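Reviewing the structure listed below.
Every value quoted in this text rests on a predicted model; they were computed, and no experiment measured them.
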Amino acid sequence: MSKGTPPPQDAAPPEATPGLDPERLRAHLDQRLPGLTHGPLRARLIEGGRSNLTYRVTDGTSSWVVRRPPLGHVLATAHDMRREYRVISALHGTPVPVPEALLLCTDESVLGAPFYVMELVEGVPYRTADQLRPLGAERTRAVVLSLVDTLVELHAVDPEAAGLGDFGRPEGFLDRQLRRWGKQLAASRSRELPGIDALHDALRRTLPGSPAPAVVHGDYRLDNVLVGADDRITAVLDWEMSTLGDPLTDLGLLVMYSEQRESPLAGAGAPSPLATTRGAPGHPEPAELIERYAARSGRDVSRVAWYTAFAYFKIAVILEGIHYRYTLGQTLGEGFDRIGAVVPHFIEHGHATLSALDES
């Protein structure tokens with residue numbers, strides 16, 4: 001936990017922090033964790049998160065992070081605070097770097113939704129090629145390869161030994177995932193999306209067999225980890241989609257993000273909803289990431305294209321859900337007005353990736 005950290009210069013007054021009431025939060029912390037806080041709390045929403053809301057909270061001496069679901073329209077099972085809290089609690093102390101989980105609150109009368117409090121870990125979430133570029137080619141390459149190595153460490157965790165043996169149902173995992181994301185799409189469907197139902201059907205027809213189950217992050221990419229000043233990964237964040245299942249879903253998602261040379265919204269004047277780091281000098285090609293994962297994990301990755309196509313479908317559904325919340329006026333931050341235009345890009349690339357698998 002950071003000690004002696006001054007309040008952020010852009011800290012918002014309590015009434016200007018949607019989704020978090022600092023006075024209510026402090027009262028709850030004083031009751032549950034006496035002595036943790038030493039003065040009035042101030043909070044600010046950390047920009048960059050497009051799903052669960054993340055806040056940096058400080059009492060002027062120490063700082064913490066609070067996570068809660070988004071405001072308004074919430075898809076079932078997609079924003080489970082208990083799940084996030086449980087997995088980071090279990091992984092703390094393993095080779096996988098995660099913040100220390102301090103408190104879970106399921107009483108919605110405190111902040112209007114379940115939330116949890118965790119240690120503040122210092123580091124940078126690199127989201128774009130421009131942010132990586134100052135590191136130079138050699139350091140950028142090392143950072144991205146360490147992302148693969150950390151994923152291998154995660155998938156090497158023994159779920160039973162970590163207390164996560166019942167964290168998911170590996171049997172039939174991929175089939176359930178396809179059905180679940182189909183339901184998520186239906187829950188957010190507000191317009192025609194040509195090709196998305198055909199992509200869902202094609203994925204079902206070509207469903208691969210799964211390897212031995214592992215703890216799966218569910219949204220593994222460079223801007224969901226923090227990188228320290230020594231270029232080492234200091235924390236893996238955003239565990240809202242974690243479960244026990246097919247580890248290659250994480251690899252497919254990482255490959256999908258690594259194929260994005262630039263944001264589909266480039267030049268639109270809005271912040272990108274996507275991590276697009278491949279254009280940075282030194283960024284490894286997707287094929288090298290796959291080869292490194294295979295060599296270090298010992299897993300068969302011959303069907304990774306299916307998992308990459310599934311990643312395109314899943315992200316299309318997630319972005320459509322965000323677009324739907326935007327149309328209802330239930331998003332915080334900038335750039336949401338452009339997200340709807342990105343969805344067809346992912347549908348198209350999902351089809352192309354599956355077609356390449358058929359031809360191989």
Side-chain angles (χ1 to χ4, degrees), residues 51 75-78 168-214 216-221 241 243-261 263-264 273-276 278 285-287 289-290 293-294 299-324 339-360:
S51 187
L75 299 176
T77 75
R169 293 181 294 142
E171 190 73 26
F173 174 75
L174 290 181
D175 181 65
R176 285 199 313 277
Q177 282 284 296
L178 280 172
R179 285 189 279 112
R180 174 173 297 174
W181 286 102
K183 290 178 181 177
Q184 302 284 45
L185 174 62
S188 299
R189 194 185 291 268
S190 61
R191 57 177 181 160
E192 289 296 320
L193 284 175
I196 197 165
D197 293 317
L199 177 56
H200 184 258
D201 292 342
L203 288 165
R204 183 176 295 279
R205 290 195 306 269
T206 55
L207 199 72
S210 291
V216 172
H217 181 275
D219 195 19
Y220 194 77
R221 61 184 195 260
M241 296 180 186
T243 189
L244 194 62
D246 189 328
L248 296 183
T249 54
D250 278 341
L251 179 61
L253 191 70
L254 182 59
V255 171
M256 184 278 295
Y257 276 112
S258 298
E259 291 178 349
Q260 306 303 308
R261 289 193 175 274
S263 167
L274 310 170
T276 54
R278 189 183 173 193
E285 291 293 313
L289 304 184
I290 296 170
Y293 178 89
R299 290 188 174 87
D300 178 6
V301 298
S302 59
R303 297 278 292 173
V304 71
W306 185 94
Y307 295 89
T308 305
F310 174 55
Y312 277 111
F313 173 76
K314 185 168 75 168
I315 297 303
V317 174
I318 291 171
L319 293 178
E320 187 64 12
I322 296 172
H323 168 72
Y324 181 48
I339 286 180
V342 177
V343 178
H345 165 87
F346 286 88
I347 299 171
E348 176 186 345
H349 282 265
H351 280 290
T353 304
L354 266 190
S355 296
L357 178 63
D358 293 338
E359 294 168 2
S360 61

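- In this structure, NE2 in His351 is found 8.5 Å from CG in Leu203, a value given to the nearest 0.5 Å.
- Of the possible polar contacts, one joining the Lys314 side chain to the Gly218 backbone as a donor-acceptor pair under 3.5 Å is found.
- Here Tyr312 pairs with Phe346, His349 under the ring pair (Phe, Tyr, Trp, His ring centres under 6.0 Å) rule; sequence neighbours left out.
- Counting only heavy atoms from C-beta outward, the side chains of Trp306 and Leu174 approach each other to under 4.5 Å.
- Of the possible polar contacts, none joining the Asp250 side chain to the Tyr220 backbone as a donor-acceptor pair under 3.5 Å is found.
- A salt bridge links Arg191 and Glu320; the closest N-O separation between the charged side-chain nitrogens and carboxylate oxygens is under 4.0 Å.
- Considering CZ of Arg176 and CD of Glu171, their distance stands at 8.5 Å, rounded to 0.5 Å.
- Between His200 and Val317, the closest side-chain pair of non-hydrogen atoms is not below 4.5 Å.
- In this structure the side chain of Pro211 reaches within 4.5 angstrom of the side chain of Pro247, judged on heavy atoms.
- Applying the salt bridge (Lys or Arg N to Asp or Glu O under 4.0 Å) test to residues at least two apart or on different chains, the pairs with a partner in residues 202-212 are Asp175-Arg204.
- Between the NE2 atom in His217 and the CG atom in Leu253 there is a gap of 9.5 Å [rounded to 0.5 Å].
- Atom OH in Tyr257 sits 5.0 Å away from atom CG in Asp219 (nearest 0.5 Å).
- Only one option out of Thr308, Leu248, Leu357, Leu207 pairs with Arg303 in a side-chain contact (heavy atoms from CB on, under 4.5 Å); it is Leu357.
- Of the inter-residue distances, the one linking Ile347 atom CD1 with Ile196 atom CD1 reads 4.0 Å to the nearest 0.5 angstrom.
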